[in-house]
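Side-chain atoms are counted along with the backbone in the values below, which use heavy atoms only and exclude waters and symmetry mates. Here is the naming used below: chain letters follow the sequence lines, and residue numbers restart at 1 for every chain.
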Protein chains: 2
Amino acid sequence: MAVHKHSKKRDAILECVRSTASHPTAEWVYAQLKPQIPDLSLGTVYRNLAMFKQEGLIGSMGVVDGMERFERNTEPHTHFICHQCSAVIDVMDVDPPTHLGSQVGCGSVQDCILTFTGLCNQCVSNSAKA
Amino acid sequence: MAVHKHSKKRDAILECVRSTASHPTAEWVYAQLKPQIPDLSLGTVYRNLAMFKQEGLIGSMGVVDGMERFERNTEPHTHFICHQCSAVIDVMDVDPPTHLGSQVGCGSVQDCILTFTGLCNQCVSNSAKA
DNA sequence: TTAGAAAATAATAAAAATTCTTATTTTTAT
DNA sequence: ATAAAAATAAGAATTTTTATTATTTTCTAA
């Protein structure tokens, strides 16, 4: 029933994504694990993240600043993107208006994606100081 | 008052984006114009699209399948993305729920982006035939 | 209208993110 | 333990986009 084999590296990559609320890039995951697993290869991170995503073990909220952002939360939910520091934050209190899908005039709608952008709290603070 | 100079190529690039309801990539614009302007360079298309976008003469709805999608409509509006053929279609009848921005708990919200995904009519037809 | 400064362009190199290739190593079922 | 199957490292290759530089075009104003 196992859909794939396990390896120390593979497990570490999955655990890395699952243990952060941030929305990491492949490069970030690689940088996190490299100290503990010195012979880890970036290609392995890319390959496994793609596999986990396809199997639904992790999610991806899309590309921000040219880099794909993975996430542990695989349920549809709203995001906030800071266009200063590119932080991606889950907005659990505001649900995407899925019901509006019936009003979309084209094609057959499957998903509804809601995203807010602006300055995150940290960048707001930094702006005030500057 | 002119914010930039004009050239035949520059004007053609802007007109190309303004005359289509599709959400073209730089490559697409280049392919459209190349037959009429054989010495057009792809770098020129990229450079001018970036400039038009910065000046607010055109918009960009983001990156789909690794390619930035420009658009003539610079007003905030909803999009539909076909995840089969990557077509991007404006959804003018459903407005992004901007008012929900006040319920977002993090940072200072500036924009609200609403996107639907699914199969466009053409891909639905093609699926039925197959 | 024409000279000359400023900006735009073509061609090409370079950068950045991601994917592919291949030889080797690890995992897992037997 | 063994052998087949899958995973990995290293590095090459691809893809999209940006930067560099020599040349050409645009625009200003004399």
In whole Å, what is the span from the [atom1] atom of [X] to the [atom2] atom of [N]?
| X | N | atom1 | atom2 | result |
| --- | --- | --- | --- | --- |
| Asp39(A) | dT8(D) | CG | C1' | 9 Å |
| Asp11(A) | dA7(D) | CG | P | 12 Å |
| Leu42(A) | dA16(C) | CG | P | 14 Å |
| Glu68(A) | dT15(D) | CD | P | 18 Å |
| Ile37(B) | dA10(C) | CD1 | C1' | 14 Å |

Q.
Is there a continuous path of hydrophobic side-chain contacts, each under 4.5 Å between heavy atoms, that joins Phe70(A) to Leu42(A)?
A.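 Phe70(A) and Leu42(A): one cluster.
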Q) Which class fits the ring pair His77(B) and His23(B): parallel under 30°, tilted 30 to 60°, perpendicular over 60°? A)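 Aromatic pair His77(B)/His23(B) classed tilted.
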Can you see if the side chain of [X] gets near the phosphate of [N] - specifically, an N or O under 4.0 Å from OP1 or OP2?
| X | N | answer |
| --- | --- | --- |
| Ser7(B) | dT9(C) | yes |
| Tyr46(A) | dT18(C) | yes |
| Arg47(B) | dT18(D) | no |
| Lys9(B) | dT25(D) | no |
| Ser41(B) | dT9(C) | no |

Can you tell me which nucleotide in [options] comes closest to the side chain of [X]?
| X | options | result |
| --- | --- | --- |
| His4(A) | dA9(D), dA7(D), dC27(D) | dA7(D) |
| Asn48(A) | dA17(C), dT9(C), dT8(D) | dT8(D) |
| Lys5(A) | dA10(C), dA6(D), dT26(D) | dA6(D) |

Q: For side-chain hydrogen bond (donor to acceptor under 3.5 Å, both in side chains), just list the numbers for Asp111(B) and His83(A), CA-CA rounded to whole Å, side-chain angles, deciding distance to a tenth of an Å, and then say yes or no.
A: CA-CA 10 Å; Asp111(B) 295 304; His83(A) 55 224; 5.2 Å; no
Q.
Within this structure, what is the SG-CG distance for the pair Cys106(A) and Asp90(B), rounded to the nearest 0.5 Å?
A.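 Here the interatomic distance stands at 9.0 Å.
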Q: To the nearest 0.5 angstrom, please state how far the CG atom of Asn126(A) sits from the CD atom of Gln84(A).
A: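 That separation rounds to 8.0 Å.
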Q. Reckon Glu27(A) touches a base, only the sugar-phosphate, or nothing at all at heavy-atom distances under 4.0 Å?
A.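 Nothing, no heavy atom under 4.0 Å.
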